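Please read the structure below before turning to the comments.
The chains referred to below are lettered A, B, ... by the order of the sequence lines, with proteins before strands, and numbering in each begins at 1. Quick caveat, the model's predicted, so the values are computed rather than measured.
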Amino acid sequence: MSDPLLASLNPQQTEAVTLPARHALVLAGAGSGKTRVLTTRIAWLLRQSMASPAGILAVTFTNKAAREMLSRLEAMLPMSPRGMWIGTFHGLCNRLLRAHYKDAGLDRLFQILDAADQLSAIKRLLKTLNVDDEKFPPRNLQYFINAHKEAGLRPHAVEVPDEYTRQRAELYQEYEAQCQRESVVDFAELLLRSFELLQRNEPIRRHYQQRFRYILVDEFQDTNVLQYRWLKLLAADGQEGGAALFCVGDDDQSIYRFRGAEIGNMRDFEREFQVRDIIRLEQNYRSHGNILDAANAIIRNNANRLGKNLWTERGEGEPIRVFEAFSDTDEARWIVEEIQALLRDGATRSDIAVLYRANAQSRVLEHQLFSAGVPYRVYGGLRFFERQEIKHALAYLRLLANPGDDTAFMRVVNFPTRGIGARTQEMLQDAARQRNGSLYATVPHLSGKSAASLARFVTLIETMRRETQALPLPEQVEHVVERSGLRAHYQAEREGQDRLENLDELVRAAESFHIETRAAPETLAQAHALLADFLSHASLEAGDHQAGAQEEAVQLMTVHAAKGLEFDIVFLCGLEEEVFPHINSLSESVVGLEEERRLMYVAVTRARERLYLSHAQSRLLRGQTHYHLRSRFLDEIPSGLLKPLAQKSRFSGSGYGGDGWRGEKTHSRASTSISPTDTFQSRELPGGFRIGQNVRHPTFGYGVIIDAEGDATVRVNFGDAGVKWLMLSIAKLEAVMPESKD
DNA sequence: TACTATACGGTTTTT
DNA sequence: CCGTATAGTA
């Protein structure tokens, strides 16, 4: 009696999928089939008639994950999954607030501020309040506001241990008032506002508590305090009659603590919901054994884990290759050579990823890939809806939907330039503040020379509104792009070609949105709502619309960006102390280091077949050469899993000359053959030591030579043991070669 | 008002 | 080193 739905699941997956209506926590290791379990669980609940589509709420963090779930469900189910609430926290909150905008105290067409909009709103606020932005840096304030919202705290609830905090709380309050006045809502507000709506409006709360019988949460380890409270509220706090909460997550893959993710939620959930069913998915279907062994060995060094050990049936596979380069340039060049060799052997470019800790590291890699003519794609750049031309066009649309949106007003009032300069804008802001009205509404009350140009702008917006209101959405967008002068502006600009194409792409995005939502607005109100929906979509799915064709290319991205992805071949570079683990995390004691280690764990588990780890003796950071010790994470991997690659293997046959790494001659030859821009120092000291050289000292342990004075004294960074000046003639320094280091 | 020179500050990032 | 933000000048 094999059930086709469960046919290819392992026992633990099956157990998770077929649990009765109870709260459950699924600890799903990397590559253990977590999305599969989530979707199959939903399909199973429906098939067993334990739930109707309307009774299901599934929450994810990214739109991509939500879409993935939806499309898998579509393939599994006999019916359309449209009746279910499946989406991101923010998307679902937006849906909730649009449905109950009055009860939530919002305008029908409220707009959503993305992070950049929020920042400019804060800057504007400080300006109108005449607040010194040196004393209250806008970014700082933004963080302050968001952190408190994410903790569920309104201004009056903020703890004020000192005067400075009190002032910041006051600015938080002013910011809220401004948002309310302008009918705009930031990301954190979407969550907090819908949480408060449910909390204080009993009929609405009861409605949703009774409606949702099953709540499923993906990437639960990434939830913040407020998101967890939101879930608790919807699940009626675990009381009898509330929804069954099914949370899937991996504490070892929690890498967003810096933006408020609270791993403690997993333990809290377990306790507060008296979770009896904790299921571990430990069988990994992705990577070979050596890779998993390395990952397990690394993560074992973290305390306070819920505990989990990945295993596979795929066999141990290849050893993990480790390469020590002289410099970052050298490292990049080696990676590119290796990639070219792999491609010659038949590898596919898109199956190869190069991962790094910080975006700044992509430069050298890009340079080498570009020179070698290897197609590559860097992830994490500017996203479609965040491009300035797109934001400008959207700002015009926002003004059509909501003239009170001062952020949008300020963005385009003088773009393209209309002779409305800073002084005029300030004058308008002052007047608006006095009248306690929006910028837009204040314009007609002004007089004087600059008032005329402002009035022309308002007339332009009014005209556009009149001209577009009967048009279908895509034509509205097209019209605005044309009529606002944006198109003409970019046509006149020398390098405006890409921007023009993006504006065309925006019109196409409106078209597909129009088609997907199958909206056929009949009344004016419906047409307005459709425009508002499109604008929400643009704010909430900014990254969705990546410009640029899906070319067959090597994939470059940060480890963060690689979470959830997998590749046959992974290069993880820059494995040096202060780079990975990152210097800023090292100063945050254990918590910071443990998060870095989880990041390392995520990085390693991205690889299916082959993993390369590399580090460089010297690295150019912000124009300065740094000499770092190799990363402690490298040493946390059992040496039996590693295969050190000698410099030798690459110098022979790769055109650099030289015949080995050990010989003293090779040192200078190899390093001088590196490009002239490379600042790698090659001056030799007695005993064959150089700056950048890895060494070992009987007392201080491993270190790296970072400086030298004359021929006799060297400065060595011993990491935890500190930085020391040593006499070469006295100190028993031993050179450590990459292939001999244990 | 618009353009150019200097200072400054630089993890990770989704919504 | 490199982009951004502000100050100063045409």
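- For the pair E134(A) CD and dA5(C) C1', the interatomic distance rounds to 12 Å; values are reported in whole Å.
- In this entry the distance linking CZ of R622(A) with C1' of dC8(B) reads 12 Å, nearest Å.
- R357(A) comes within 4.0 angstrom of a base, heavy atoms only.
- Within 4.0 Å of N414(A), counting heavy atoms only, lie sugar-phosphate atoms of the nucleic acid but no base atom.
- Under 4.0 angstrom from either OP1 or OP2 of dC1(C) there lies no side-chain N or O belonging to R363(A).
- Between G91(A) and T417(A), it is T417(A) whose nearest contact on DNA chain B lies nearer the 5' terminus.
- Under a 4.0 Å N-O distance rule, the pair R154(A)/E189(A) qualifies as a salt bridge.
- Considering only side-chain N and O atoms, R139(A) lies nowhere under 4.0 angstrom from the phosphate OP1 or OP2 of dG10(B).
- Nearest-nucleotide positions on DNA chain B for F89(A) and A360(A) put A360(A) closer to the 5' end.
- Closest approach to the D133(A) side chain among dT1(B), dT15(B), dT6(C) is made by dT6(C) (side chain taken as heavy atoms from C-beta onward).
- Residue S539(A) is classed as having no contact, given no heavy-atom separation below 4.0 Å to the nucleic acid.
- Note on R383(A): a side-chain N or O is less than 4.0 Å away from OP1 or OP2 of dT15(B).
- The residue F258(A) sits close to a base: some heavy atom pair falls under 4.0 Å.
- When rounded to the nearest whole Å, the span between CG of N146(A) and P of dT14(B) equals 15 Å.
- Atom CG of N584(A) and atom P of dT12(B) are 10 Å apart (whole Å).
- As rounded to whole Å, 13 Å separates atom P of dC1(C) from atom CG of D328(A).
- A ring-centre distance under 6.0 Å is not found for Y101(A) and F110(A).
- Note on ring orientation: taking the six-membered ring where Trp is involved, the planes of Y172(A) and F144(A) are perpendicular (angle over 60°, cut-offs 30° and 60°).
- Within 4.0 Å (heavy atoms only), N359(A) reaches sugar-phosphate atoms of the nucleic acid but no base atom.
- Using modelled atom types and a 3.5 Å distance limit, the side chains of N402(A) and S183(A) yield no donor-acceptor pair.
- Put simply, CZ on R423(A) is 16 Å from C1' on dA7(C), counting in whole angstrom units.
- Contacts of I255(A) with the nucleic acid, taken as non-hydrogen atoms under 4.0 Å apart, are absent.
- Each of dT1(B), dT12(B), dT14(B) was ranked by its minimum atom distance to the side chain of R259(A); first place goes to dT14(B).
- Among the nucleotides dT11(B), dA5(C), dT13(B), the one closest to the side chain of K123(A) is dA5(C).
- If you check every strand for non-hydrogen atoms under 4.0 Å, E596(A) touches a base.
- With ring centers used as reference points, Y256(A) lies under 6.0 Å from H560(A).
- The aromatic ring of H582(A) is stacked on the base of dT11(B), with the two ring centres less than 5.5 Å apart and the planes inclined by under 30°.
- One can place CD of E219(A) at 14 Å from C1' of dT13(B), the figure rounded to the nearest angstrom.
- Counting any heavy atom pair closer than 4.0 Å across all strands shown, A115(A) reaches a base atom.
- Aromatic ring orientation, F513(A) versus H537(A): tilted (interplanar angle from 30° to 60°).
- The distance from atom CZ of F457(A) to atom C1' of dT1(B) is 17 Å, rounded to the nearest whole Å.
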